[in-house]
Amino acid sequence: MKQALNLLGLMTRAGKIITGEDLLIKGLQDKSIKLVLIAQDCGKNTRKKILDKSSYYGVETITAFKISDISASIGKENRVAIGITDKGFSDKLKQLIQQGGYINNEEN
């Protein structure tokens, strides 16, 4: 789990993540997002909106970690979902989460 959270920090420094609901949805629409990571303790309405948009645009989603874990790893407060714009990073993150047995995959 720690490796996956460290990778989120690396992605942030590399400029390969999108945060914020409006920017996330814009990224889904312009197909720049390869994977969406949603916090397990995300609100119902926000979760549904992001899952629906991800499904519509054919982007895979993973539900893992808590809001506090995601926020701390990327250095921003109260982030419930992030979009990953790099295919290599998204594949590595999925691999690390699955190896840790810490995944609730909601594939579309």
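Throughout, residue positions are numbered sequentially from 1 according to the sequence presented.
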### Task
Please check if the side chain of S90 supplies one atom and the backbone of K87 the other of a donor-acceptor pair under 3.5 Å.
yes
### Task
Look at the side-chain heavy atoms of Ile, Leu, Val, Met, Phe, Trp and Tyr, link any pair under 4.5 Å apart, and say whether L23 and V80 land in one connected group.
no
### Query
Quick one: CE on M11 to OG on S73, what's the gap to the nearest 0.5 Å?
8.5 Å
### Task
Applying side-chain contact (heavy atoms from CB on, under 4.5 Å), name anything that partners S68, two or more places apart in sequence or on another chain.
K66
### Task
Take K34 and T85 through the test side chain to side chain contact (heavy atoms under 4.5 Å, CB included) and record every step on the way to the result.
CA-CA 5 Å; K34 310 302 181 214; T85 60; 5.7 Å; no
### Those residues that, when tested against K26, pass salt bridge (Lys or Arg N to Asp or Glu O under 4.0 Å) (two or more places apart)
none
### Query
Do you reckon I82 sits in the same ILVMFWY cluster as L5, going by side-chain contacts under 4.5 Å, direct or chained?
yes
### Query
Between K49 and E21, is there a salt bridge with N-O shorter than 4.0 Å?
yes
### Query
For L10, what residues pass the side-chain contact (heavy atoms from CB on, under 4.5 Å) criterion, not counting sequence neighbours?
L7, R13, F89
## Note on the structure
For L24 and A81, the nearest pair of non-hydrogen atoms, with its separation, is CD2-CB, 3.8 Å
### Listed partners of D52 passing salt bridge (Lys or Arg N to Asp or Glu O under 4.0 Å), at least two apart
K48
### Message
Using side chain to side chain contact (heavy atoms under 4.5 Å, CB included), reason through V36 and L28 one step at a time and then give a plain yes or no.
### Response
CA-CA 9 Å; V36 176; L28 288 169; 3.9 Å; yes
### Query
Does the side chain of R47 come within less than 4.5 Å of C42's, by heavy atoms?
yes
### Query
Measuring from Q95:CD to Q3:CD, what's the distance to the nearest 0.5 Å?
9.5 Å
### Message
In the structure I gave you, are the side-chain heavy atoms of T61 and S55 within less than 4.5 Å of one another anywhere?
### Response
no
### Query
Is a side-chain donor or acceptor of D41 paired with a backbone partner of I67 at a separation under 3.5 angstrom?
yes
### Over all atoms of both residues, closest heavy-atom pair of L37 and F65
CD2-CD1, 4.2 Å
### Query
Hey, does I38 have a side-chain heavy atom less than 4.5 Å from the side chain of I62?
no
### Message
side chain to side chain contact (heavy atoms under 4.5 Å, CB included), that's the test. Do S32 and I18 meet it? Break it down for me.
### Response
CA-CA 10 Å; S32 62; I18 295 174; 4.0 Å; yes
### Query
Do I25 and V59 share a hydrophobic cluster, counting only Ile, Leu, Val, Met, Phe, Trp and Tyr and linking them when any side-chain heavy atoms are less than 4.5 Å apart?
no
### Task
Enter the distance from K94:NZ to E60:CD here, rounded to the nearest 0.5 Å.
4.0 Å
### CA sep, side-chain torsions, deciding dist, call: L93, L35, side chain to side chain contact (heavy atoms under 4.5 Å, CB included)
CA-CA 9 Å; L93 181 65; L35 177 71; 4.2 Å; yes
### Message
Quick check on Q29: does its CD atom have over 12 non-hydrogen neighbours (other residues, nucleotides or ligands) under 6.0 Å away?
### Response
yes
### Task
Please report the closest heavy-atom contact between G20 and R79, naming both atoms and the distance.
N-NH1, 3.8 Å
### Message
If you count heavy atoms of other groups shown closer than 6.0 angstrom to CG of D22, is the number above 12?
### Response
no
### Residue list, side-chain contact (heavy atoms from CB on, under 4.5 Å) with N6, at least two apart or on another chain
K2
#### Entry: Shortest non-hydrogen separation from N78 to S71 and the atoms involved
N-OG, 3.1 Å
### Message
Which residues pass the salt bridge (Lys or Arg N to Asp or Glu O under 4.0 Å) test with K76, not counting sequence neighbours?
### Response
none
